[in-house]
J.: 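Once you've had a glance at the structure underneath, I'll fire off some questions.
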Amino acid sequence: MAYPTELLSVVGLWTGWLLMLMIYSYPLYKENVAYRFAEHIFVAIFLAINLVVNFQYLMNTCVTPLLQGNLLMIVPLVLGILIYTMLIPEYRWVSRYPIALLVGAGFGLGMRGVIKPSILDAVVSTITAPSAGTMMNWVNFLYIAVGLLSSILYFLLTYEHTGLLQPPTKLGRLFIMIGLGAYFGNTVLFRFTMLTGRAQFFLQVLKIIPM
Amino acid sequence: MSDQNIFDKLQNIDRRVFYWVLFITLMVPFIYPIGLPVKVVQNTRDLYEGITGDNINPGDIAIMNFGYGVSAWSECAPGFTVCAKALFREGARIVFMGSQYDVELSMNKLMNDAREDFANKVYGVDYVFLGYFTGGESAIAQLATDAWTVYPSDHYVTPDAQIPLMQDFHGWQDVTVVLSSDTGDVGSYFLRQWQGSHGTRLAEIGIAMNGSTDYPYYLAGNYFGLSIGSRGGAELEVLIREPGEATTAMDSINASHLLIVLAVILANVGYLLSRRKA
Amino acid sequence: MSNILKREAVFAVTGLVTVLMFVEYFFFPQDWIVASTIRNWAVIIYNISLGLGGVRLIQQHVMGTQRRKENWQFSALFLVAFVVMLLTGLAGYLGTGVATSNGIYNWLFVNVYTPLGSTAYAITGFYIFSAAYRAFRARNLDAALMLVAGCFVILSNAPVGEVIWSGIPAIGEWFRFVGQVPGMRAFEVVGALGMIAYGFRALLGKERGFYAGGAEE
Amino acid sequence: MTFILLILTFAAMYYYMYLGKQGKVFKIRTLPAIQAIPEAVGRSAEMGQPVMWTPGIAGSLNDSTQGPQTLAAISILEYVAEEAVKAGVKIAAICPLPDALPLVEETMRTAYMSQGKPEEFNIDSIRFLSGQSAYMTGTLGYLQRERPASTILVGGFYYEAVIIAEGGNTIGAMQIGGTNNIHQMPFLVATCDYMLLAEELYAAGAAISANPDMLGSIKGEDMIKWLIVVLICVGFLLGAARITFLADLLRV
């Protein structure tokens, strides 16, 4: 993307740059008026975009089909509006019906869909021996099976971690810590990559490096 | 002054000093690039090979889901761009969609970053931009069974009936491959409602933070390929032999990652010393 | 009567919709019009419900401005920015069907929302770094193992790890491709069972949390 | 196979929920983090400093993944508040969730009443901070001003966990953490003295509230975990012997 030449775009670029400095004045200096200014602008504009984009989606998927003769669409429209009775204490119970439909659909889809990928496929993958015969593959096969066994035993919640269960559950917590450690390492890559993008933008606007 | 209270003093350094050191460290490599080679790992290679060669035929329909917003461009956009280019070069037809309010900005950025590939493609025939959707898991399940109810028209409010590509896309049976790039949960919705329910070939162009939770699904074959964070983006840029944003960012990633490991080691050396003294 | 309408009937709706989703999944290879219709309704209701958080936020800032509470100027600023963005967006949508066709809305979208969105989300990079030095301690075997695994993954994610010592990528990749798998897979399995337990209690109407803050009428 | 496992899971949970209704009490295993609560309150009493509780910003109540964490956090608040009132320790509840506020207030008020000191309950001990950065800034300000001897960071957290836990750590507070959000677990493990991992948070909530339905379904879950453990043991041995009968069966 080339450095903009048109006035409105250049002004826009520098606006973005200044707003970034306002937000980063909080960690790099302290909480201050400039930060609060930028934060309130961000929350306000984010909320407006949320309403505009969702209004547009509602029109396309519900109101327009309704006006074109799909009368059944009146049901979700009315139920959706009823959710706002949550804001009126004496009629709050009415909002439970649309929520009940959302919760029922959400859990129905979630429960039916989670079993195969998150339980069955996980077990099948753990008990499928490596095709290639290298030593390291078999060590990893054993490691993952023992690790999953002991980690699941750790998450037994109505059995004390004593007696026969103590060694495997103690081992299970170590496997979990290794998983969280790798997760922490990947989180660092994610957070630093985003900050890298901001550092790059900072230099680009100052024309120290090309856009 | 014994070394032990050096670490105490270091431990009480004002937090802002760390922030300035980090921000400057991230900038320096952009001015003085180093350019270390990036090694491609198997999960990224499987993703690239899964959408090229004989795994994709001209005319196949692929879904590409912008599950990320402007805030994660530096993490997801490079990998997403490479995959879009690769699919176009195989003659695949692409349905772009997204769960973020700013999906239009992400699409504009993609069309700019891959402009040579978009130049010889016809909108509505070779690709379509359906735009924003909401509805969580219900919407993704509905997209599998009756896509037109989730998207009665494209982002530019052209009804589906007037879009040639949409005549061939009504549900999961019509789709060869789904690529989702997520900061949130939409990837797991595709996993449960498309791959788990119908066996659709699915891959994730993921953020690094989800790399740990996505990887077991790749190992179990639920994802045929997986790119993890900006590092995955840089690997994909190596595979398509077109260095881009992710490759440029790797130098800053190198510097900042060294810095944080040093910080953790330094902190814990001081902690262990002070505990032995106490 | 009113108590049944306020409780039992609500739980019945949740249960019925959940069962409809199961029936479709297990007994209808293609798709079932009844479940598909209800799912489509859920999409639309979910869409409409997204405004709830906004209403509360607007209420809060309107009250803050009216009562001249501390920092009321920022609440006023919030309302002005919100109204300008909302009206220009709706004007764009009602005009051409695409909100960004309005110049003001598009300019604010590209030049104010985009940088602020990226900036606000990336702030965590700062916090992780200072916390890494000031707070991440190997206070016990758990934390020590976690920090060792974390450091190897960090150094193997960055190409520079290989330059420091050729062993780093090998160990780092072992942690990433094998080491973390059992722990993460355990979270997957246990998390799935947790979701099923929670859904099952909701199915039986034993989950009070959902309905308007759980307060019993 | 999905259908069979789903029905088996429902059956196990229903059976133990039914037993729970008949009066059978299922005991949750010892959770070090919950056992440490009296110690945390005792430390505050010794040092004459308050105890701070905060549930994180993710957990709006009708969110199916975050809401349950807030409810479990509020059950833990009930226990912490009772211990604090017994020891005469001040407790601060910093809550960023508007829809959970009534529940937090109700829980604190009942804790004071159950210890026979309703007059000591002060509504100002509950602070509402709306918005993530206001919540982070406000909590950090509280930590630096009041310097609580112990902090209870349990519930649905997003990345404010890093900052709040670091703030508590640097004032030397004893910290008990707990969340089901994997993305925040590493930070709480590294900065807290005790930690409730994933389902342990819900188990702690259920143990304290002694809700028979919750306890029964947790017991049912445990039975399915045993089944999965057996499947893995048998499957691993068969897999090593290159017999794929069980793996093929589970793939059906």
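Quick note: numbers below take in every heavy atom, side chains included, and nothing from hydrogens, waters or symmetry partners. Every chain is numbered from 1, with letters handed out A, B, ... down the list of sequences.
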J.: In terms of heavy-atom proximity below 4.5 Å to chain B, should C:Val153 be classed as side chain, backbone, both, or neither?
T.: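 For C:Val153, there is no contact with chain B at all, as no heavy atom is under 4.5 Å.
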J.: Between C:Arg39 and B:Glu137, does at least one N-O distance fall below 4.0 Å, as a salt bridge requires?
T.: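 Not counted as a salt bridge, because no side-chain N and carboxylate O are separated by less than 4.0 Å.
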J.: Can C:Tyr133 and B:Phe18 be said to form a ring pair (Phe, Tyr, Trp, His ring centres under 6.0 Å), step by step?
T.: CA-CA 9 Å; C:Tyr133 184 77; B:Phe18 292 101; 5.4 Å; yes
J.: Need one label for C:Leu147: side chain, backbone, both or neither, based on atoms under 4.5 Å from any heavy atom in chain B.
T.: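 For C:Leu147, side-chain heavy atoms alone lie under 4.5 Å from chain B.
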J.: Tell me, side chain or backbone of C:Leu116 under 4.5 Å from chain B's heavy atoms, or both, or neither?
T.: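 When you check distances to chain B, no heavy atom of C:Leu116 falls under 4.5 Å.
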J.: Minimum heavy-atom separation for B:Val157 and C:Thr96, please, with both atom names.
T.: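 So the minimum-distance heavy-atom pair works out to CG2-O, 4.5 Å.
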J.: Give a yes or no answer on whether the side chain of B:Asn268 reaches the backbone of C:Phe136 with a donor-acceptor pair at less than 3.5 Å.
T.: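 Such a contact is found between B:Asn268 side chain and C:Phe136 backbone.
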J.: For C:Ser156, does its backbone N or O pair with a side-chain atom of B:Arg231 as donor and acceptor, under 3.5 Å?
T.: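 Judged by distance alone, yes, a pair lies under 3.5 Å.
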J.: For C:Gln180 versus B:Gly211, what's the shortest heavy-atom pair and its separation?
T.: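 The pair with the smallest heavy-atom distance is NE2-O, 4.4 Å.
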J.: Report which part of C:Phe187 has an atom under 4.5 Å of a heavy atom belonging to chain B: side chain, backbone, both, or neither.
T.: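 Contact with chain B involves no heavy atom of C:Phe187 at all.
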J.: With heavy-atom distances below 4.5 Å as the criterion, would you say the side chains of B:Gln42 and C:Phe177 are in contact?
T.: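 Of all side-chain heavy-atom pairs linking C:Phe177 with B:Gln42, none is under 4.5 Å.
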J.: Quick one: CD1 on B:Ile260 to CD1 on C:Ile128, what's the gap to the nearest 0.5 Å?
T.: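 These two atoms lie 6.0 Å from each other.
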J.: Please output the residues of residues 188-195 of chain C in contact with chain B, using a heavy-atom cutoff of under 4.5 Å, in numerical order.
T.: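 Only C:Glu188, C:Met195 of residues 188-195 of chain C have a heavy atom under 4.5 Å from chain B.
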J.: Regarding C:Tyr46 and B:Thr134, is there a side-chain donor-to-acceptor distance under 3.5 Å anywhere?
T.: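 Absent: no donor and acceptor within the cut-off.
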J.: Need one label for C:Ile164: side chain, backbone, both or neither, based on atoms under 4.5 Å from any heavy atom in chain B.
T.: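 The answer is the side chain of C:Ile164.
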J.: Please flag which part of C:Ala132 lies under 4.5 Å from any non-hydrogen atom of chain B: side chain, backbone, both or neither.
T.: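 Answer is both: backbone and side chain atoms of C:Ala132 are under 4.5 Å from chain B.
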J.: Hey, is the main chain of B:Pro216 close enough, under 3.5 Å, to the side chain of C:Arg185 for a donor-acceptor pair?
T.: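 Present.
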